[in-house]
Amino acid sequence: MKEHNIKPVVYLFNSLSRKKGTFEPLQPPHVGMYVCGPTVYGDAHLGHARPAITFDLVYRYLTHLGYKVRYVRNITDVGHLENDADEGEDKIAQKARLEQIEPMEVVQHFTVLYHKNMDQLNVLRPSIEPHASGHVIEQITMVQKILEKGYAYEVNGSVYFDVEKYNRNHHYGVLSGRKIEDLISNTRTLSGQSEKRNNFDFALWKKAEVTHIMRWPSPWGDGFPGWHMECSAMGCKYLGTQFDIHGGGMDLLFPHHESEIAQSTIANGKPPAHYWMHNNMITINGQKMGKSLGNAMSLDDLFTGNHPLLEKAYSPMTIRFFILQAQYRSTLDFSNEALQAAEKGMKKLLVAAAALKHLTPDSSAPSHGVSSIVQSCYTAMNDDFNSPVALAALFDAVRIINAVKDGLSQINIEEHEVLLTLFDDFVFGIMGLLPEDTGREHEVVDGLMQTIIDLRQDARSRKDYATSDKIRDRLQSLHIEIKDGKEGTNWQLK
RNA sequence: GGUCUCGUGGCCGAGUGGCUAGGCAGCGGUCUGCAAAACCGUGUACAGCGGUUCGAAUCCGCUCGAGACCUCCA
């Protein structure tokens, strides 16, 4: 483990117990984490950013603490069952038919787009990113195991999980808090239902109709895997039959994760994950944002400002900061006002981070109590990854940095070092924020700006304010902000 | 209908029994040729009603309101 003053005891909220508890990996220092990734049949939207950033934070923080994390996040490219007019048709296949192109072409297109957007958000790539389509054999094998154990039945080329039988000696509903009796009256009528023994049984393998494009051969004929199979099969393949953390959006709690638990428990003799973590939803006007609700905002829309709900474009880092300003288990309400507040707050933090590097420490300066800020950051993150509280602590440091920068206070060498480390670790390493103007032309621009600032300074010393104001106004119209301070003049892009 | 969650100041958002969360916006001041930025100061916020307690935003009950899941979804 990396050396820290703070004992790295992480408390996390486990959806299984609905309580916070200490995080104890099965095989420390190794941590296995599986997170449900995107179905690549449409643009990546704000809703995809939340789990990606949430679990990126978890990944970064656990890694920072010294854990060796294997982070697996899947790409769903075999589709799930659609539930509109084309009931039962594979999502990917449906889109492909519409566009008259190959399903895998659709998959490729949206996978590339997803990766691009995630890179923009500075979300680290997971250790392994398995595709469901590349693991059909593993899924078939797992279905066979469940059949052998007698917890599934084949009907007409499809295989279903026998929930009622499972529930006799297990609890189908441990995760979501449901009771099987409640499910009986509440399950919707779906195609193929008549084949099922009970309408709450779920498909492990589904027969492909002749028109179905995406299909694979199996012992039960041509078909495709059931909705929950891929995560169980791939999680098991790369992390073992039991691993530490399984994550995803709250909307996946039931039936997806519940069913994963059931089928893995039968296939492997034990439930798959020790800790289940679920991020909450992003809302628009208090309502969940979702692809199927038609109110989803794509990440490209956000980044370009090209959407009727958007007053302006918001940078990827603004989106990241916005998401980190809420604890992952809370809903986060979207609005232009909130996004603009996040934008300004983040800028303040990043400007201070840059200024920190150029502070001149004073060996005789008294202490600012910086170590308590460091402690607060760790305490916050250890408490179920409470990023907003950690950010609040960082803003305490911002105040100190600005005071020193303005010559209103001094900082000693030790505390300067502590702050440099803190910002490297937390702002950049753990929160994953990036300064936004890190172009290659940066140095040139810097030089040009310095020249202009010097000229303006000359004018000012001649009291030629007409010229100095003209320079400032022209720069202003280019969204370059001139800031005169005690230590000289700075500039930044607005 | 069933299961569950939430309701915090102008906005976002932490906080789970007593100690200033924080950010944005606003107001007053310092600095500045003017400004911007920064800094300092500034808000009797916890949906309502009742209960427990020396003490409740925090625990309990009820009422009202909002949302999620039960169907693919992050």
Side-chain angles (χ1 to χ4, degrees), chain A residues 18 35-39 41-42 44-52 54-55 76 79-84 87 91 173 176-179 181-190 200 227 247-256 258 278-283 286-293 296 321-322 325-327 329-346 348-349 351-352 355 376 380 386-396 398-399 401-403 405-409 460 463 465 468-469 472-473 476 481-486 490-492 494:
Chain A
R18 283 170 223 189
V35 175
C36 293
T39 303
Y41 72 112
H45 57 79
L46 231 199
H48 290 107
R50 185 114 199 238
T54 295
F55 292 103
T76 297
H80 288 161
L81 295 176
E82 192 84 315
N83 168 43
D84 48 23
E87 211 169 69
K91 260 186 185 172
S176 57
R178 284 178 164 74
K179 295 193 190 80
E181 306 86 69
D182 299 332
L183 293 172
I184 293 170
S185 54
N186 283 330
T187 311
R188 199 178 168 280
T189 306
L190 273 173
F200 46 74
W227 358 334
M250 247 173 205
D251 48 349
L252 298 178
L253 215 121
F254 188 92
H256 184 57
E258 195 71 64
H278 292 92
N279 63 274
N280 216 318
M281 304 289 105
I282 286 179
T283 56
Q287 201 191 23
K288 178 180 152 184
M289 175 185 295
K291 175 92 182 152
S292 56
L293 296 169
F321 188 85
F322 173 64
Q325 259 193 324
Q327 210 268 350
R329 286 191 292 119
S330 305
T331 56
L332 174 58
D333 200 46
F334 163 90
S335 71
N336 282 284
E337 209 179 348
L339 243 25
Q340 281 162 32
E343 184 175 53
K344 288 185 184 170
M346 181 193 61
K348 186 174 175 179
L349 182 65
V351 166
S376 298
N386 201 329
S387 51
V389 170
L391 284 171
L394 288 169
F395 276 104
D396 289 339
V398 168
R399 197 167 300 115
I401 292 165
N402 285 329
K405 185 184 72 180
D406 286 357
L408 301 169
S409 181
R460 289 178 77 206
K463 295 202 191 292
Y465 295 125
S468 68
D469 286 354
R472 188 176 60 193
D473 292 347
Q476 189 78 20
E481 199 164 53
I482 288 293
K483 301 188 291 187
D484 294 329
K486 276 221 160 62
N490 279 310
W491 67 277
Q492 73 180 55
K494 272 207 288 193

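Because the structure is a prediction, the values reported are computed rather than measured. Note on naming: letters A, B, ... go to the chains in the order of the sequence lines (proteins, then strands), and numbering restarts at 1 for each one.
Sequence order on RNA chain B of the closest nucleotides to Asn280(A) and Pro388(A) puts Pro388(A) first from the 5' end. Taking the nucleotide of RNA chain B with the nearest heavy atom to each of Ile482(A) and Leu252(A), the more 5' of the two is matched to Ile482(A).
Checking the phosphate oxygens (OP1, OP2) of A14(B), no side-chain nitrogen or oxygen of Asn386(A) falls inside 4.0 Å. Phosphate proximity of C39(B) to Lys405(A): absent, as no side-chain N or O sits under 4.0 Å from OP1 or OP2. Dashed line: the shortest gap from a side-chain N or O of Ser330(A) to OP1 or OP2 of A14(B) is under 4.0 Å. In this model, the phosphate group of A25(B) is approached by a side-chain N or O of Lys344(A) to a distance below 4.0 Å at OP1 or OP2.
Taking 3.5 Å as the limit, the base of C39(B) and the side chain of Arg399(A) contain no donor-acceptor pair of atoms between them. A donor N or O paired with an acceptor N or O is found under 3.5 Å between the base of C34(B) and the side-chain atoms of Arg472(A). Put simply, the side chain of Asn402(A) and the base of A37(B) share no donor and acceptor less than 3.5 Å apart.
Using N1 to N3 plus N6-O4 or O6-N4 for Watson-Crick, or N1-O2 and O6-N3 for G-U wobble, each under 3.5 Å, C4(B) pairs with G67(B). Partner assigned to G61(B) is C49(B), using Watson-Crick or G-U wobble distances below 3.5 angstrom. Pair check for A38(B) finds U30(B); Watson-Crick or G-U wobble, both atom distances under 3.5 Å. Across all strands shown, the partner of G10(B) is C24(B), judged by Watson-Crick or G-U wobble contacts whose two distances both fall under 3.5 Å.
To the nearest angstrom, P of G13(B) lies 17 Å from CD of Glu343(A). Residue Glu258(A) contributes atom CD, which lies 16 Å from atom P of U3(B) at whole-angstrom precision. Going from atom CZ of Arg329(A) over to atom P of G7(B) covers 12 Å, rounded to whole Å. Nucleotide C39(B) holds its P atom 11 Å from the CZ atom of Phe395(A), rounded to whole Å.
Taken from CG in Asp469(A) to CZ in Arg460(A), the straight-line distance is 8.5 Å, to the nearest 0.5 Å.
Proximity of Glu337(A) to Gln340(A): side-chain heavy atoms (C-beta onward) are nowhere separated by under 4.5 Å.
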